[in-house]
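Below is one structure, written out as structure tokens; the observations come after it.
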Amino acid sequence: MKRSRSKALNQEMNLTNLIDVVFAILIVFLISAPLMSQGIKVDLPNAEAPTFEQKKMLKVTIDKEKKIYIDDMQVQIDDFNEIFKASWKDDVPVVINADESVNYGIVMKVVTLVQIAGVKQLGFLTLDKNPEKKKRK
């Protein structure tokens, strides 16, 4: 029996199944990638942020003994809302100054109360780690 050589072999690869698998993997990745990220997406500016220097600002302080002050007046956490709303004006920024040893939960309670009051400009006072760096510039 002789083989006929008149039939040409089809040497093309069928890519349909491969493309289907790649698209399925891509869809799974696109759905699961946002679920894996932890944290909040923030678009940061490309410029250096200047220090916050403004004479009119309301200062909320929490000291080592967990005492809360609005400007220089000591307040209890239960009376914070009333006293804060009385001393804050809509356009004045608020700065929170908390001691390093204060529990994070207490600071967040104060931040939440300040945000509930409607503050849009909120900052935190910190010490500069490299004070000599500013002097050189």
Side-chain angles (χ1 to χ4, degrees):
M1 302 217 132
K2 289 187 181 181
R3 290 188 187 176
S4 82
R5 294 197 180 246
S6 62
K7 258 189 177 179
L9 293 175
N10 186 3
Q11 295 182 356
E12 293 181 20
M13 185 184 267
N14 187 0
L15 295 177
T16 307
N17 294 336
L18 180 66
I19 292 172
D20 289 343
V21 170
V22 169
F23 279 128
I25 292 172
L26 181 66
I27 290 171
V28 168
F29 177 74
L30 289 175
I31 291 172
S32 64
L35 300 175
M36 287 188 278
S37 67
Q38 297 174 356
I40 300 170
K41 182 182 177 189
V42 177
D43 293 330
L44 298 175
N46 292 331
E48 261 186 59
T51 58
F52 191 78
E53 295 178 4
Q54 188 170 1
K55 292 187 180 183
K56 285 189 172 183
M57 69 175 133
L58 185 61
K59 192 181 204 181
V60 178
T61 306
I62 306 170
D63 66 1
K64 288 181 183 180
E65 289 82 25
K66 301 174 186 174
K67 295 178 186 170
I68 302 170
Y69 299 88
I70 297 176
D71 277 342
D72 294 329
M73 184 173 59
Q74 185 177 350
V75 210
Q76 297 299 322
I77 194 79
D78 300 330
D79 304 328
F80 184 86
N81 273 345
E82 297 171 17
I83 298 170
F84 182 80
K85 286 180 183 179
S87 57
W88 177 67
K89 296 182 176 54
D90 289 343
D91 57 343
V92 177
V94 175
V95 178
I96 295 180
N97 181 19
D99 191 88
E100 188 176 27
S101 63
V102 175
N103 187 354
Y104 181 72
I106 295 169
V107 176
M108 288 314 297
K109 281 182 187 177
V110 172
V111 169
T112 303
L113 292 172
V114 167
Q115 288 178 336
I116 288 172
V119 173
K120 292 186 175 72
Q121 294 179 342
L122 178 64
F124 294 91
L125 288 179
T126 59
L127 291 176
D128 189 9
K129 288 187 176 183
N130 299 322
E132 295 153 359
K133 186 177 178 184
K134 282 187 177 182
K135 291 179 184 176
R136 292 179 192 166
K137 285 186 177 181

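Everything quoted here is computed from the prediction, not taken from an experiment.
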Residues that L30 engages under side-chain contact (heavy atoms from CB on, under 4.5 Å), provided they are two or more places apart: L26
Those residues that, when tested against D79, pass side chain to side chain donor-acceptor pair (under 3.5 Å) (two or more places apart): none
Without placing hydrogens or testing angles, list every side-chain donor-acceptor pair under 3.5 Å for residues 58-72, not counting sequence neighbours.
residue	atom	partner	partner atom	Å
D63	OD1	E65	N	3.3
D63	OD1	K66	N	3.3
D63	OD1	K67	N	2.8
D71	OD1	K59	N	3.3

Option among L113, V94, V111 that satisfies the side chain to side chain contact (heavy atoms under 4.5 Å, CB included) test with V119: V94
Those residues that, when tested against M73, pass side-chain contact (heavy atoms from CB on, under 4.5 Å) (two or more places apart): I83
Other ILVMFWY residues reachable from V21 by side-chain steps of under 4.5 Å: I25
Cluster companions of I27 among Ile, Leu, Val, Met, Phe, Trp, Tyr (side-chain spacing under 4.5 Å): I31
Same cluster (ILVMFWY, side-chain, under 4.5 Å), V107 and I77: yes
Test side-chain contact (heavy atoms from CB on, under 4.5 Å) applied to K89 - qualifying residues, sequence neighbours left out: D91, V92
Residues that S101 engages under side chain to side chain donor-acceptor pair (under 3.5 Å), provided they are two or more places apart: D99
Interatomic distance, T112 atom OG1 to F80 atom CZ [nearest 0.5 angstrom]: 10.5 Å
side-chain hydrogen bond (donor to acceptor under 3.5 Å, both in side chains) contacts touching residues 15-27 (sequence neighbours left out): N14-T16
Atom pair CD/CD of Q76 and E82 - distance to nearest 0.5 Å: 12.5 Å
